[in-house]
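What follows is a short report on a single structure.
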Amino acid sequence: MASFPLATAEVCDANAHLIQSGELRALHPVFQIYGRRQVFSGPIVTLKVFEDNVLVREFLEEKGNGRVLVVDGGGSMRCAILGGNPVQQAQNNGWAGIVVNGCIRDVDEINGCDIGVRALASHPMKANKKGTGEKLVPVNIAGTRICDGEWLYADTDGILVSRTELSV
C-alpha cells in the first residue's frame with residue numbers, strides 16, 4: 001500500500017487509460033461521509049444483504065487487515081444496517097473502512113471512530129436479525145459493479161474502485 005494516501009482526483013487525472021478500459025471506476029456521488037478517517041483505501045470484501053445486519057456484524061468481528069467492507073444493502077432507506085457497536089469493533093479489528101449502500105445509525109458514535117464509513121443516510125430504526133445475505137459476491141452500487149478482491153480508494157472527493165492495487 002502507498003505510504004501516503006492517494007488523492008482520488010489525482011488518480012483519475014493520471015489514469016485516464018484505466019478509466020477508459022473500465023479497470024478504474026468512480027462511484028456515483030451518493031454517499032455521506034462518516035467516521036474520523038476521511039481518507040481510506042484497501043482490498044475489498046463484498047457483502048449483499050437487505051434490511052438485515054447479522055452478516056455485517058460477523059464480518060466486522062474478523063480481523064480486517066486494512067480491508068474495506070463494501071455492503072450492498074439494496075439502497076434501503078427503511079432501517080439502518082450498520083450501527084456504532086460494529087463500527088467500533090471494525091476499528092478495533094483493523095478494518096480500513098466500510099461502504100454501505102443503505103443506512104447507518106449511531107452517527108455520533110461512528111463519527112468518534114478512527115475508521116472511514118460511507119453510507120447513503122442515517123436512520124434510527126435497526127435492521128432485522130435473520131442472517132440472510134450473500135458473501136464475497138459481485139455487487140452493483142452507485143452505478144458500479146464491484147467485485148470481491150478489487151481495491152477501493154476513498155477521500156472527500158469521492159470513491160474509486162480499481163481491479164488492481166494502484167501505485168502513485
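These figures come from a predicted structure and were not determined experimentally. Position 1 is the first residue of the sequence; numbering continues from there.
Residue T46 holds its OG1 atom at 9.5 Å from CD of E150, rounded to the nearest 0.5 Å. To the nearest 0.5 angstrom, N15 atom CG is 6.0 Å from L24 atom CG. R25 contributes atom CZ, which lies 9.0 Å from atom CZ of R145 (distance to the nearest 0.5 angstrom). N111 contributes atom CG, which lies 9.5 Å from atom OG of S122 (distance to the nearest 0.5 angstrom). Annotation: the span from I110 atom CD1 to I104 atom CD1 amounts to 4.0 Å, rounded to 0.5 Å. Atom CD1 in I19 sits 10.5 Å away from atom OG in S162 (nearest 0.5 Å).
Considering every non-hydrogen atom in both A142 and V30, the closest pair reads CB-CG2, 4.0 Å. Here the shortest heavy-atom pairing between C103 and H123 reads CB-CB, 3.8 Å. A pairwise comparison of heavy atoms in F59 and K135 identifies CE1-CG, 3.7 Å as the closest pair. Taking each heavy atom of S41 and Y153 in turn, the nearest pair found is CB-CD2, 3.4 Å. Taking every heavy atom of both residues into account, L60 and A90 meet most closely at CD2-CB, 3.7 Å.
Contact annotation: the side chain of V99 never approaches that of L69 to less than 4.5 Å [non-hydrogen atoms, C-beta and beyond]. Residues L120 and M77 have side chains in contact (heavy-atom distance under 4.5 Å, counting atoms from C-beta outward). Inter-residue side-chain proximity for N140 and I146 is flagged as unmet; no heavy-atom pair is nearer than 4.5 Å. Under the 4.5 Å side-chain criterion, counting only non-hydrogen atoms from C-beta, C12 is in contact with L160. With a 4.5 Å cut-off on side-chain heavy atoms, L152 and F40 count as touching. Considering only heavy atoms from C-beta on, V87 comes within 4.5 Å of V117 through its side chain. Side-chain contact between V68 and W95 is absent, with no heavy-atom pair separated by less than 4.5 Å. In this structure the side chain of Q89 reaches within 4.5 angstrom of the side chain of E61, judged on heavy atoms.
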**OP:** Could you give me the CA-CA distance, side-chain angles and deciding distance for I33 and T156, then say whether side-chain contact (heavy atoms from CB on, under 4.5 Å) is met?
**Re:** CA-CA 8 Å; I33 296 175; T156 51; 4.2 Å; yes
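The residues K130 and D52 are annotated as not salt-bridged, no charged nitrogen and carboxylate oxygen being separated by less than 4.0 angstrom.
By the 6.0 Å and 45° rule, R163 does not stack over the aromatic ring of W151.
The cluster map of Ile, Leu, Val, Met, Phe, Trp and Tyr, joined by side-chain heavy atoms under 4.5 Å apart, puts V107 and I81 in the same cluster. Y34 and I159 are assigned to two separate hydrophobic clusters, defined by single-linkage of ILVMFWY side chains at heavy-atom distances under 4.5 Å.
The local environment of CZ in R36 is crowded, with over 12 non-hydrogen atoms from other residues, nucleotides or ligands closer than 6.0 Å.
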